[in-house]
2 protein chains.
Amino acid sequence: MTATAARTSARKRAGNGAARSIDADEIGLDALVGHAGYAVRRFQIWIFQDFVKTLGNVDIRPTQYSVLTVIGANPGLSQMAVAKRLGIERARLVHLLDSLEQRKLVRRVKSKTDRRSHALHLTPQGETALAKFKRLAAEHERHVEEKIGKENRERLLRILADFT
Amino acid sequence: MTATAARTSARKRAGNGAARSIDADEIGLDALVGHAGYAVRRFQIWIFQDFVKTLGNVDIRPTQYSVLTVIGANPGLSQMAVAKRLGIERARLVHLLDSLEQRKLVRRVKSKTDRRSHALHLTPQGETALAKFKRLAAEHERHVEEKIGKENRERLLRILADFT
DNA sequence: GAAAGATTGTTGTTGACGACAACAATTGTC
DNA sequence: GACAATTGTTGTCGTCAACAACAATCTTTC
């Protein structure tokens, strides 16, 4: 049905090996239009690009921002706790923290209660930097609002609240 | 305000270098809860994992599925057209098609009207395989529906329709 | 209290993916 | 016919998820 319709409209395009030049608009997505994952993926790419662009001057990427924010709101957390909360692998978090620690935004303090783990803290510079990052991130969020609409953004947040 | 509140509640956690073990639930996300990008990212990871798992037996990943679907619905397209339509880079599409062509699902036919380009077609096996992939993808989509609810999924698709 | 098992941080590898740059072959334009 | 643009290709780089293995350090169990 859907497949048949798509197939029929496609016939006029090329039955053999001719690649007619076509406007991207008239290329049907067929089954993809019914897949939430496809739309979400495209949207997520758009969001990431805007985030990276908006926070380009301070050189902070989404993942780094999420790590800084969680540490800032919960100082003293272990790497394991941060990784679990954000759904990041602990192996991956190691490199993220290496980078953030080199930039003097985060400190790994040896925990005295558990000598395996590190207690994560923002440095004073990290705190002021994070404040700036949050302002830029809010600006990015306004771009999202402009893109999909104020109400739609709120609906989206409600729908996906369980995943945070 | 939000920061102050988070900071205050965080104080009880660790003022120095003690990494108390904490349930992931009680770790505040602070500013992240207001960011659509964070929720979308987490959701998208969940979707991808379910897709990969559901189509695990046939060894098809989301990007491959999208390429096959578009070619199936628009036979004869050039690589450039497919890449543009799906937001994939043409350099990346080369490898995707190499893989799909090796698996005898897709054929690159030399175009006679433009000897630079290839007209992309599904092989007969590709057609029957895609039919199966679509059934599995529909099953995956039902998982999404179970996860966020029927109405929410439809709302989501409407909200993000412009990105497809 | 010692042995066995689990956890934490770390290092390394693999593969998918987006972004960019360069190139040859071909087409389009002036 | 010279010059610019397009198409497919190759290659590199950096981000990211997923594993596996390891040493150091708890925790459990006997």
Side-chain angles (χ1 to χ4, degrees), chain A residues 17-22 24 37-38 41-42 44-53 55-56 59-67 76-84 86-101 106 108-120, chain B residues 17-22 24 37 41-42 44-53 55-56 59-67 77-84 86-101 106 108-120:
Chain A
R20 219 191 78 205
S21 74
I22 301 176
Y38 179 71
R41 176 69 177 148
R42 298 296 300 259
Q44 197 253 322
I45 291 176
W46 184 90
I47 286 196
F48 255 58
Q49 286 172 340
D50 184 87
F51 188 100
V52 170
K53 197 194 307 172
L55 300 227
D59 191 31
I60 286 289
R61 297 181 54 83
T63 315
Q64 296 175 313
Y65 175 72
S66 70
V67 170
L77 284 186
S78 70
Q79 297 186 194
M80 197 60 210
V82 171
K84 248 192 239 161
L86 290 176
I88 303 174
E89 239 188 316
R90 62 188 203 282
R92 167 124 190 76
L93 188 58
V94 171
H95 299 298
L96 286 168
L97 289 174
D98 285 348
S99 159
L100 294 174
E101 204 171 24
V106 169
R108 286 190 248 226
V109 181
K110 286 187 220 165
S111 166
K112 291 169 183 174
T113 61
D114 186 339
R115 284 162 37 216
R116 291 171 303 181
S117 69
H118 295 156
L120 302 175
Chain B
R20 219 190 79 206
S21 75
I22 301 175
R41 177 68 178 148
R42 297 297 301 260
Q44 196 252 323
I45 291 176
W46 183 91
I47 286 195
F48 256 57
Q49 285 172 340
D50 185 86
F51 188 99
V52 170
K53 196 193 309 172
L55 299 228
D59 190 30
I60 286 290
R61 297 182 52 84
T63 314
Q64 297 175 313
Y65 176 72
S66 70
V67 170
L77 284 185
S78 70
Q79 299 186 192
M80 196 60 211
V82 171
K84 249 192 237 160
L86 290 177
I88 302 175
E89 237 188 318
R90 63 188 201 284
R92 167 117 191 79
L93 188 59
V94 171
H95 300 298
L96 285 169
L97 289 175
D98 285 349
S99 160
L100 294 174
E101 205 172 23
V106 169
R108 286 190 248 224
V109 180
K110 285 188 222 165
S111 165
K112 291 170 183 173
T113 62
D114 186 340
R115 278 156 48 209
R116 291 171 302 183
S117 68
H118 296 157
L120 301 174

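Per chain, numbering begins at 1; letters A, B, ... match sequence-line order.
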Does the B/R41 side chain pair with the main chain of A/P62, one donor and one acceptor, at a distance under 3.5 Å?
no
Closest non-hydrogen contact found for A/F51 with A/R61 is CE2-C, 3.7 Å
Atom CG of B/L93 and atom P of C/dA19 are separated, to the nearest Å, by 15 Å
Expected string for nucleotides 10-16 of chain C under the B/S/- scheme (protein heavy atoms, under 4.0 Å, primed atoms plus P, OP1, OP2 as sugar-phosphate) is BBB---S
Tightest non-hydrogen contact, residues A/Q64 and A/L96, listed as CG-CD2, 4.1 Å
From CD1 of A/I47 across to C1' of C/dG18 the rounded distance in Å is 17 Å
Sorted by chain and number, sequence neighbours left out, ring pair (Phe, Tyr, Trp, His ring centres under 6.0 Å) with A/Y38 holds for none
Residues B/Q79 and B/R108: closest non-hydrogen pair is OE1-NH1, 3.0 Å
Might you work through the side-chain contact (heavy atoms from CB on, under 4.5 Å) test for B/M80 and B/S117, ending with a clear yes or no?
CA-CA 8 Å; B/M80 196 60 211; B/S117 68; over 6 Å; no
| Derivation and outcome, side-chain contact (heavy atoms from CB on, under 4.5 Å), residues B/L97 and B/E101 | CA-CA 6 Å; B/L97 289 175; B/E101 205 172 23; 5.7 Å; no
B/Q49 atom CD is separated from C/dC17 atom C1', nearest whole Å, by 16 Å
**OP:** For the residue pair A/L120 and A/V109, establish whether any side-chain heavy-atom pair is separated by less than 4.5 Å.
**Re:** no
In whole angstroms, the gap separating P of C/dG18 from NZ of A/K53 amounts to 17 Å
Within the 4.0 Å heavy-atom criterion, would you say A/I45 contacts the bases, only the backbone, or no part of the nucleic acid? sugar-phosphate
A/E89 atom CD is separated from C/dT8 atom P, nearest whole Å, by 14 Å
From CE of A/M80 across to C1' of D/dC26 the rounded distance in Å is 15 Å
Could you pull out the protein-nucleic contacts involving nucleotides 25-30 of chain C (nitrogen or oxygen on both sides, under 3.5 Å)?
from   : atom 1 : to     : atom 2 : distance (Å)
C/dT27 : OP1    : B/R115 : N      : 3.1

Rounded to whole Å, CZ of A/F51 lies from C1' of D/dT15 at a distance of 14 Å
Can you see if the side chain of A/Q64 gets near the phosphate of D/dT15 - specifically, an N or O under 4.0 Å from OP1 or OP2? no
All heavy atoms of A/L93 vs all of A/A83, minimum pair found to be CD2-N, 3.8 Å
B/E101 CD to D/dG8 P, in whole Å, measures 13 Å
